[in-house]
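Residue numbers start from 1 in every chain, and the chains themselves are labelled A, B, ... in the order their sequence lines are given, proteins ahead of strands.
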Amino acid sequence: MRYSQAFIHTLFEVPKEAETSSHILLLRGSFISPLAAGLYSLLPLGHRTAEKIKSIIREELDAIGGLEITMPVLNPAELWKKTGRYFDIGDELIRFKDRRDREFVLAMTHEEVVTDIAKQFLRSYRDLPVMLYQIQTKIRDEARPRAGLLRVREFFMKDAYSFHRDFEDLDTYYPRIFNAYLRIFKRCGVNSVPIEADSGIMGGTGSHEFMLDSENGEDRFVICPACGYKANTEKAEGLKPLTQPPDVATPHPMEKAATPGIKTIADLMQFFGTTEDHFLKTVAYEADGELVLAAVRGDFNVSPTKLANHLKAIHLDFASEEALSKKGLHAGFLSPVGISGVRMVFDTSVADDILFVAGANEPDMHYRSVLPGRDFKVGDRLDIAEVREGDMCAACGKGALEIRRGIELGHTFKLGTKYTAPESMDVTYLDGSSGQARVIMGCYGIGVERLMAAVVERWHDQSGMQFPISIAPYHVIVSPLGKDPEIVSTAERIYLLLNSSLDVLLDDRDESAGVKLKDADLLGIPVRIVVSRKLMKTGEVEVKVRQTGEVRICSEKDLDSVLNEIFESLKPSLEGLPYMPE
RNA sequence: CGGGGCGUAGCGCAGCCUGGUUAGCGCACCUGCCUUGGGAGCAGGGGGUCGGAGGUUCGAAUCCUCUCGCCCCGACCA
């Protein structure tokens, strides 16, 4: 392709709305064009890269037996009501009526539709397992799109769904997807970190997120340097040792203390002369409308995600003043002491050997020397606390957990029967012996544009992007510097020679050397071939590798072998990541 | 949804506080000459409902009211 015909319109200046490097560079390189908040057009360069990512995804999924399909984005609301998601999902799901007044939604994923297909066609154990996937538009009315392509409202998602005769088969199948994911990201030029994840509203029995370690990521995950445990902070568990030894040796009886106007933990610490971890922090939530009190040790915070999961709640929110006063409770002085008729959840940090300071369930009053078990009843203790940087790893007890930011590149779920259950879409098959059995599902997603942006986050420098050869819009850019006939004809010759086997961009513009070189750097084309007057004297050309900065000067006839060497060196290593066919 | 910032040419900005010719600058774009190893030079040129609506005024980019949009932080987020 000739540069002058390629619809490339680079920007010299940084668009004001962009702050993240991938956002800035994709805009400056004219890969994308904003339409509205969280909506982008993919321009020719961005489109080419997205298509290359899609091809890699297809190759890897086809290699493990995946079958590509296409499902409609427009879905009848009825289907989504059947699985309950119509009611469980908030404003993120776009709903509307058609001209005949029938309710529709714009699909944000396709579990409903694919399960409907499964119900129609999967009859016998002979039909299982099967994996169907598509690369299709997803629409989500995100509360806050951000960072260019990292979080948008409409995007291409590769969504795959597998169907199995039982959980064992799903467990056997899952590593194939897992490995294919590692291969896909690796082939796109980035290392992904698989972490244990919360499955959220999707439900199910197990889930992994594939993260790219990145400052600009919006997710947080922990990593244990000792045992390698990795998990989303929404799920990760740390040990909860005390900063001071327990104090049951002198089990003072509980006593009430007036604490007029003292509200913050800091003030209370001073008032009672004790440390944060000797307070009992009680927080009120409404879980699907029911008032719930959650108690953690004072140095922890309640994790809403963990709490919601334990409660199997769809909607969890801080309790309103009204909900509290209906039960005669007062925010700021909540306590499990003397409470009844309200559901309580205790964190594992609420230990039996600590004399706590706790609220008194009346204004301006606290108790001191509150002993769990003696002064209030403790049921099961669950992990509902947010993990903190430096907490000891609960998996090995040896490592201090590190918290990292990451970009979620992909997510895999063992769904189980969430969509095939009788109360959902009720999908069964004939198992060949005892009759009907329930289909077990898994689902697996990758955001295409997000992956593109993530690769740019990982691969760029001051001058611009540094695309991995596998997903670069063009493999090679040929830049003739100057208009001498000899320079032009050499560049043309090289272009025609390479263009039959590679994606080549010929910078045929009447631009200064500086402009051409700067643009080549900005666009991040992996290999640049410069033809210049300086080099013409010896009949040579310059080959430069964008990612490494490596420069080779070679004659035109050696170009082929030099390029072969370079391309070989740019291939990602897939060592240890074999296909896992059936 | 809460907090903050910003809307003037394709991009980046000045002008606004203190209202007053034809709204200005750099980049980009077009024409010609010239130049070709790091966003050159000279000359000429096109491009604006100053986000929108209403108001104040003889007169509004500028003052007032409302409104829409975009970005950032947080909440939220199959």
Side-chain angles (χ1 to χ4, degrees), chain A residues 8-20 23-24 27-28 30 33-39 80 83-85 88-93 107-112 114 138-148 150-153 157 159 161 197-204 207 209 216 218-219 232 234 304-305 308 314-318 408 410-415 418-419 441-447 450 462-464 479-484 487-488 491 507 509-522 528 530-536 541-542 544 551 553:
Chain A
I8 303 172
H9 301 279
T10 58
L11 292 174
F12 179 54
E13 270 164 307
V14 179
K16 183 178 53 170
E17 75 252 30
E19 289 186 9
T20 316
H23 191 193
I24 292 171
L27 283 171
R28 284 194 53 207
S30 67
S33 165
L35 178 65
L39 297 174
W80 285 65
T83 63
R85 289 212 295 176
D88 297 345
I89 297 172
D91 292 336
E92 217 177 317
L93 179 66
M108 43 200 294
T109 64
H110 280 83
E111 281 77 9
E112 277 78 4
V114 82
K138 294 289 177 286
I139 294 174
R140 297 178 183 181
D141 194 0
E142 289 285 347
R144 181 150 103 79
R146 69 183 102 193
L150 286 180
R151 186 162 210 88
V152 292
R153 298 199 291 172
M157 174 187 265
D159 45 323
Y161 309 88
D198 172 52
S199 45
I201 191 172
M202 294 299 290
S207 170
E209 286 169 325
N216 285 327
E218 41 181 357
D219 283 279
N232 195 299
E234 291 175 340
T305 309
I314 305 289
H315 298 113
L316 186 76
D317 229 322
F318 286 117
E408 181 189 347
H411 203 154
T412 57
F413 299 87
K414 293 181 183 176
L415 281 177
K418 179 175 167 74
Y419 295 92
M441 280 178 73
C443 77
Y444 322 96
I446 293 176
R450 180 185 281 180
Q462 284 295 313
S463 309
S479 307
L481 307 182
K483 282 197 290 197
D484 295 2
I487 291 176
V488 174
D507 196 343
R509 295 174 300 165
D510 182 16
E511 286 288 355
S512 70
V515 170
K516 289 185 179 181
L517 298 176
K518 288 281 186 193
D519 275 337
D521 285 350
L522 173 62
R528 186 188 77 194
V530 164
V531 183
S532 70
R533 182 180 289 166
K534 193 172 82 187
L535 293 163
M536 281 318 302
V541 297
E542 176 201 270
K544 184 169 182 180
V551 175
I553 309 287

Chemist: Say you pick atom P in B:C42 and the same atom in B:C64; how far apart are they, in whole Å?
Modeler: 42 Å

Chemist: How close or far is atom C1' of B:G10 from atom CD1 of A:Ile8, stated in whole angstroms?
Modeler: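 Distance check: A:Ile8 CD1 to B:G10 C1' gives 17 Å.
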
Chemist: Classify A:Leu535 by what it touches in the nucleic acid, base, sugar-phosphate, or nothing, heavy-atom distance under 4.0 Å.
Modeler: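 Answer is base: heavy atoms of A:Leu535 come under 4.0 Å of a base.
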
Chemist: Heavy atoms under 4.0 Å is the rule here; annotate nucleotides 69-76 of chain B 5' to 3' with B where the base is hit, S where only the sugar-phosphate is, and - elsewhere.
Modeler: -SSSBBBB

Chemist: Heavy atoms only, 4.0 Å cut-off, all strands: where does A:Asp519 land among base, sugar-phosphate and nothing?
Modeler: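 Counting heavy atoms under 4.0 Å across all strands, the contact made by A:Asp519 includes a base.
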
Chemist: Write down the distance between NZ (A:Lys483) and C1' (B:U36), rounded to a whole number of angstrom.
Modeler: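 Going from NZ in A:Lys483 over to C1' in B:U36 covers 9 Å.
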
Chemist: For A:Gly482, which contact category applies under a 4.0 Å heavy-atom criterion: base, sugar-phosphate, or nothing?
Modeler: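 Base, at least one base atom sits under 4.0 Å.
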
Chemist: Within the 4.0 Å heavy-atom criterion, would you say A:Asp91 contacts the bases, only the backbone, or no part of the nucleic acid?
Modeler: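 Result for A:Asp91 = nothing.
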
Chemist: Is there, by distance only and without an angle test, a donor paired with an acceptor across the side chain of A:Lys516 and the base of B:U36 below 3.5 Å?
Modeler: no

Chemist: Hey, is A:Lys418 close enough to A:Glu111 for a salt bridge, meaning N to O under 4.0 Å?
Modeler: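 A:Glu111 and A:Lys418: not salt-bridged.
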
Chemist: Counting only distance, no hydrogens or angles, is the base of B:G37 paired donor-acceptor with the side chain of A:Ser532 under 3.5 Å?
Modeler: yes

Chemist: Can you tell me how far C1' of B:G39 sits from CD of A:Gln462, to the nearest Å?
Modeler: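 Going from CD in A:Gln462 over to C1' in B:G39 covers 15 Å.
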
Chemist: A:Asp507 has an atom CG; how far is it from atom P of B:G39, in whole Å?
Modeler: 15 Å

Chemist: Considering Watson-Crick and G-U wobble pairs with both distances under 3.5 Å, what does B:G20 pair with?
Modeler: B:C58

Chemist: For B:C66, which nucleotide is its Watson-Crick or G-U wobble mate, given both distances must be under 3.5 Å?
Modeler: B:G52

Chemist: Using only heavy-atom distances, determine whether the side chains of A:Asn216 and A:Thr20 contain a donor-acceptor pair under 3.5 Å.
Modeler: no

Chemist: Does B:G2 have a Watson-Crick or wobble mate here (both distances under 3.5 Å), and if so which one?
Modeler: B:C73

Chemist: Indicate, with a heavy-atom threshold strictly under 4.0 Å, whether A:Arg509 touches base, sugar-phosphate, or nothing.
Modeler: nothing

Chemist: Tell me what A:Val530 touches on the nucleic acid: a base, only sugar-phosphate, or nothing, going by heavy atoms under 4.0 Å.
Modeler: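 Since a base atom lies under 4.0 Å of A:Val530, the category is base.
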
Chemist: Could you please name the partner base of B:C27, counting Watson-Crick and G-U wobble pairs only when both distances are under 3.5 Å?
Modeler: B:G10

Chemist: Please write out each protein N/O paired with an N/O of nucleotides 25-29 of chain B under 3.5 Å, distance rounded to 0.1 Å.
Modeler:
unit_1, atom_1, unit_2, atom_2, d
B:G26, N2, A:Glu13, OE1, 2.6

